[in-house]
Amino acid sequence: MEWLPPSFVFQLPEWIAPRLEKIPPFPTDTERMQFVIDLARENVARRTGGPFAAAVFDFSGAFISAGVNLVVPEQNSVLHAEIVALLFAHQRVKSYSLDALGCDLYSSCDPCAMCLGATFWSGVRRLLCGAPREAATEAGFDEGPVFPQSYQYLQDRGVTVVRRLCEPQAREVFRLYRQLDGEIYNGHPPLHPPDSPQ
């Protein structure tokens, strides 16, 4: 296998660019979360990725960036919605830390282990989540080693965590994904309890 060129490019779905050109002001957390959930729903309905979306807003509520799950279309396990949104946010503000702008990360679902770590390293001041982790696991996704202590770790270091914001609407995206037979793209098969049939 040949070594790839020293660059990496991924492509957002074509439908998302018009949605992000003129973002109206969203004065409340609820409105921002509903915007994120709408992106997740459209990503599912258009079959352009998994049932997750995320967005970054600054302290004033101004839109910075957004991302949707691109794992399957880009064949890349790390392109979760939060990672995509944070990559674009860092690029836009030209800084490895989003702390100076007092940025908040809105995620349509509790982040997986990878995205929770990225949330901490990004420097956001708040993490706001829609559907609980259970909605993702019930749909078949393995969210990795995330524990109550994981959220406490963030809060102890100054990151405010708000969960279950617009939960019913966020859960509905997973129902739609199941109805459309969306692909479950965990890198490993699920673990079975010791006495369960394989």
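- Side-chain contact between Glu134 and Phe174: absent, with no pair of heavy atoms (C-beta onward) separated by less than 4.5 Å.
- No side-chain donor-acceptor contact under 3.5 Å links Ser108 to the backbone of Val36.
- In this structure, Arg32 forms no cation-pi arrangement with Tyr106, as its terminal cationic atom is not both closer than 6.0 Å to the ring centre and no more than 45° off the ring axis.
- Across every non-hydrogen atom of Pro168 and Arg175, the tightest pair is O-NH1, 4.2 Å.
- The shortest side-chain heavy-atom distance between Val146 and Asp110 does not fall under the 4.5 Å cut-off.
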task: Test Val84 against Val68 for side-chain contact (heavy atoms from CB on, under 4.5 Å), laying out the working first.
output: CA-CA 7 Å; Val84 173; Val68 292; over 6 Å; no
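- Tracing side-chain contacts under 4.5 Å through hydrophobic residues (I, L, V, M, F, W, Y), one reaches Ile23 starting from Ile37; they form part of the same cluster.
- In this structure, Tyr96 places its OH atom where only 12 or fewer heavy-atom neighbours from other residues, nucleotides or ligands lie under 6.0 Å away.
- Across all their heavy atoms, Val71 and Ser77 have their closest contact at CG2-O, 3.9 Å.
- Residues Arg157 and Tyr153 have side chains in contact (heavy-atom distance under 4.5 Å, counting atoms from C-beta outward).
- Side-chain contact between Leu127 and Phe120 is absent, with no heavy-atom pair separated by less than 4.5 Å.
- Arg171 and Arg164 make their closest contact through NH2-NH1, 4.3 Å (heavy atoms, listed as atom of the first residue, atom of the second, distance).
- Tyr151 and Val124 fall within a single hydrophobic cluster, where Ile, Leu, Val, Met, Phe, Trp and Tyr side chains are chained together by heavy-atom contacts under 4.5 Å.
- Of the possible donor and acceptor atoms, one in the side chain of Gln75 sits under 3.5 Å from a partner among the backbone N and O of Val72.
- Here the side chains of Trp121 and Leu86 are not in contact, with every heavy-atom distance at 4.5 Å or above.
- Taking both residues in full, the closest heavy atoms of Ala81 and Gly67 are given as CB-O, 3.7 Å, listed atom of the first, atom of the second, then distance.
- In plain terms, the two heavy atoms of Ala53 and Ala40 that are nearest each other are CB-N, 3.4 Å.
- Within 6.0 Å of CD on Gln11 lie no more than 12 heavy atoms contributed by other residues, nucleotides or ligands.
- Atoms CD and CZ, from Glu138 and Arg178 in turn, are 7.0 Å apart once rounded to the nearest 0.5 Å.
- Taken together through direct or relayed side-chain contacts under 4.5 Å among Ile, Leu, Val, Met, Phe, Trp and Tyr, Ile184 and Val173 form part of one hydrophobic cluster.
- No side-chain heavy atom of Arg92 sits less than 4.5 Å from a side-chain heavy atom of Ser65.
- Note on residues 72-94: pairs passing ring-ring contact (aromatic ring centres under 6.0 Å, His included), not counting sequence neighbours, are Phe10-Phe88.
- Going from atom CZ of Arg19 over to atom CG of Leu12 covers 13.0 Å, rounded to the nearest 0.5 Å.
- Under a 3.5 Å cut-off, the side chain of Tyr185 and the backbone N or O of Asn76 do not form any donor-acceptor pair.
- Within the model, atoms CG of Leu98 and CG of Leu105 stand 9.0 Å from one another, a figure rounded to the nearest 0.5 Å.
- At a threshold of 4.5 Å between side-chain heavy atoms, the hydrophobic network of Ile, Leu, Val, Met, Phe, Trp and Tyr places Val159 and Val56 in one connected group.
- Of the options Leu154, Thr119, Val161, Asp29, a side chain to side chain contact (heavy atoms under 4.5 Å, CB included) to Arg126 is made by Asp29 and by none of the others.
- To the nearest 0.5 Å, atom CG of residue Asn69 and atom CD of residue Glu82 are 8.5 Å apart.
- For the atom pair CD1 (Ile64) and CD (Gln91), the distance works out to 13.0 Å, reported to the nearest 0.5 Å.
- Between the side chain of Arg47 and the backbone N or O of Leu180 there is at least one donor-acceptor pair closer than 3.5 Å.
- Between Glu14 and Arg46 there is no salt bridge, since no side-chain N of the basic residue sits under 4.0 Å from a carboxylate O of the acidic one.
- At least one donor-acceptor pair under 3.5 Å links the side chain of Asn43 to the backbone N or O of Gly50.
- Separating the CG atom in Leu79 from the CD atom in Glu74 is a distance of 6.5 Å, to the nearest 0.5 Å.
- A salt bridge links Arg125 and Asp104; the closest N-O separation between the charged side-chain nitrogens and carboxylate oxygens is under 4.0 Å.
- Using a 4.5 Å heavy-atom cutoff, the side chains of Phe141 and Cys109 are not in contact.
- With a 4.5 Å cut-off on side-chain heavy atoms, Cys115 and Ile83 count as touching.
- Here the closest heavy-atom approach between residue Ala66 and residue Leu20 is recorded as CB-CD2, 3.9 Å.
- Under 3.5 Å, the side chains of Asp38 and Gln34 contain no donor-acceptor pair of N or O atoms.
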Evaluation steps, side-chain contact (heavy atoms from CB on, under 4.5 Å), between Leu70 and Phe52: CA-CA 9 Å; Leu70 300 173; Phe52 304 91; over 6 Å; no
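- Note: the hydrophobic cluster containing Leu39 also contains Tyr177 (ILVMFWY, side chain heavy atoms under 4.5 Å, direct or indirect links).
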